[in-house]
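Some notes on the structure that comes next.
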Amino acid sequence: MEVAGAPIRVQSIAEKDLKVAVPPQYIQPQENRPSKPSNGNANDHKIPMIDLGGDKQVDILCGEIRSACTEWGAFHVINHGVSISLLDEIRKIGSSFFEDLPMAEKLRYAYDSNSPASEGYGSRMLVASDDAVLDWRDYFDHHTFPLSRRNPSRWPHFPPNYREVIEQYSDEMKVLAVKLLGLISTSLGLPSSYIEEAMGEIYQNITVSYYPSCPQPELTLGLQSHSDMGFITLLIQQNVAGLQVSKNDDWVTVDPESHAIFVILGDQTEIITNGVYKSAVHRAITNGVKARLSIATFHDPAKTVFVSPAPGLNPPPRYHEVVYGDYVSSWYTKGPNGKRNIDALLI
Ligand code: OGA
Ligand code: NI
């Protein structure tokens, strides 16, 4: 989609003369289309909501975490310690960047299309095959941890508080991620610092995704089905739904809960827990009327870190040890497509 050095953003397609039909590159094959909108109200379709506040006993809390991580690999948390005004603030600066700045201004922050996972404003997953179907999504990726990767001068200068809000949000999300990884470890009978120590230094990225309204939501996806590569993702949405989690061959829509933070286990958590906890397969659908915004904060290890099942957990080991950097490279080579990457590590 990058023609003669002129990067195309989905937002500019959506705003142009293409109000009735999306370009063919965005049309999903039949089997991937979001054809059956199913979000039954049966109990097994209710995504767990876990209250981290108050004086709940640790074993009760860990029981809730365990059941959510076993059944879903994803859950909402409330009373998470992050102020709601900060959640609102980052949603506000995120939409302001996408909606209030002219395209030419936004493109000053364009990511480097020659370098995978580079920071900045972009609109496609870097996959090897050029015939891959494209996501109906633009995004801004920020490198936030370790601090040596954090360079706010590369982030938007508008609105004026943009960079300050991202930095504060980044710090608070890291604290919450470490807390959750501690609870996840404890809930499996591991020392509470087990996963944090296995990760070593935490690499954190914050991706603000913008899904313009789409003239043909029934043919497209905002983000194709995948599981996240790292350990734990913390996601918030604006008030338009679109994120879906796979459960028993069904897609369950994640309600935008403005006070809650949505926790998604990534593939490395599945590996280190020896499959006791599963990473959640998820995707984003598009909306025919409204644009949608989400903010995902990813927590990964360094590329050189080895990840393997915790000894003694649900033996025998079911996954091969992996160097995280190799895992990431194979992801970028093959594309996300469900969970193919982690399946390759199964013993
Ligand atoms: C992601 C992701 C979902 C969303 O960025 O990995 O799954 O709702 N995002 O934007
Ligand atoms: Ni994801």
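Remember, it's a predicted structure, so these values are computed and weren't measured experimentally. Each residue takes its place number in the sequence, starting with 1. As the structure lists them, so they are numbered: ligands from 1, and atoms in each ligand from 1.
Taking every heavy atom of Ser294 and a limit of under 4.0 angstrom, the matching atoms of ligand 1 come to 4 (C), 8 (O), 10 (O). Close approach to His226 involves these atoms of ligand 1, each under 4.0 Å from a residue heavy atom: 1 (C), 2 (C), 6 (O), 7 (O). Those atoms of ligand 1 with a heavy atom of Leu243 less than 4.0 angstrom away are 3 (C), 8 (O).
Salt bridge status for Arg91 with Asp88: present, with a side-chain N to carboxylate O gap under 4.0 Å.
Under the 30°/60° scheme for interplanar angles, the aromatic rings of Phe97 and Phe140 are found to stand perpendicular. Between Phe98 and Tyr210, the ring planes lie parallel to each other; the angle is under 30°, not in the 30° to 60° tilted range.
With a heavy-atom cut-off of 4.0 Å, Leu223 touches ligand 1 through its side chain alone. At a heavy-atom cutoff of 4.0 Å, ligand 1 is contacted by no atom of Tyr139, backbone or side chain. At a 4.0 Å heavy-atom cut-off, ligand 1 touches Asp228 through the side chain alone. Heavy atoms of Ile264 found under 4.0 angstrom from ligand 1: none, in either backbone or side chain.
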Determine, stepwise, if the pair Leu223 / Arg283 fulfils side chain to side chain contact (heavy atoms under 4.5 Å, CB included). CA-CA 5 Å; Leu223 190 56; Arg283 69 178 186 185; 5.7 Å; no
Hey, mind stepping through His282 and Leu243 against side chain to side chain contact (heavy atoms under 4.5 Å, CB included) and telling me if it holds? CA-CA 7 Å; His282 54 283; Leu243 176 61; 4.1 Å; yes
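The shortest separation from a heavy atom of Leu235 to ligand 1 is under 4.0 Å, placing the residue in contact.
Within a 6.0 Å radius of NE2 in His259, no more than 12 heavy atoms belonging to other residues, nucleotides or ligands are found. Within 6.0 Å of the CD atom in Glu321, the count of heavy atoms belonging to other residues, nucleotides or ligands exceeds 12.
The closest side-chain heavy-atom distance from Tyr162 to Ser96 is not below 4.5 Å.
Scanning all protein heavy atoms for the shortest distance to atom 5 (O) of ligand 1 gives Phe298 CZ, 3.5 Å.
Angle NE2(His226) to the Ni ion (ligand 2) to OD1(Asp228): 90° [nearest 10 degrees].
Distances from atom 8 (O) of ligand 1 to the heavy atoms of His282, Arg292, Gln244, Gln237 put Arg292 nearest.
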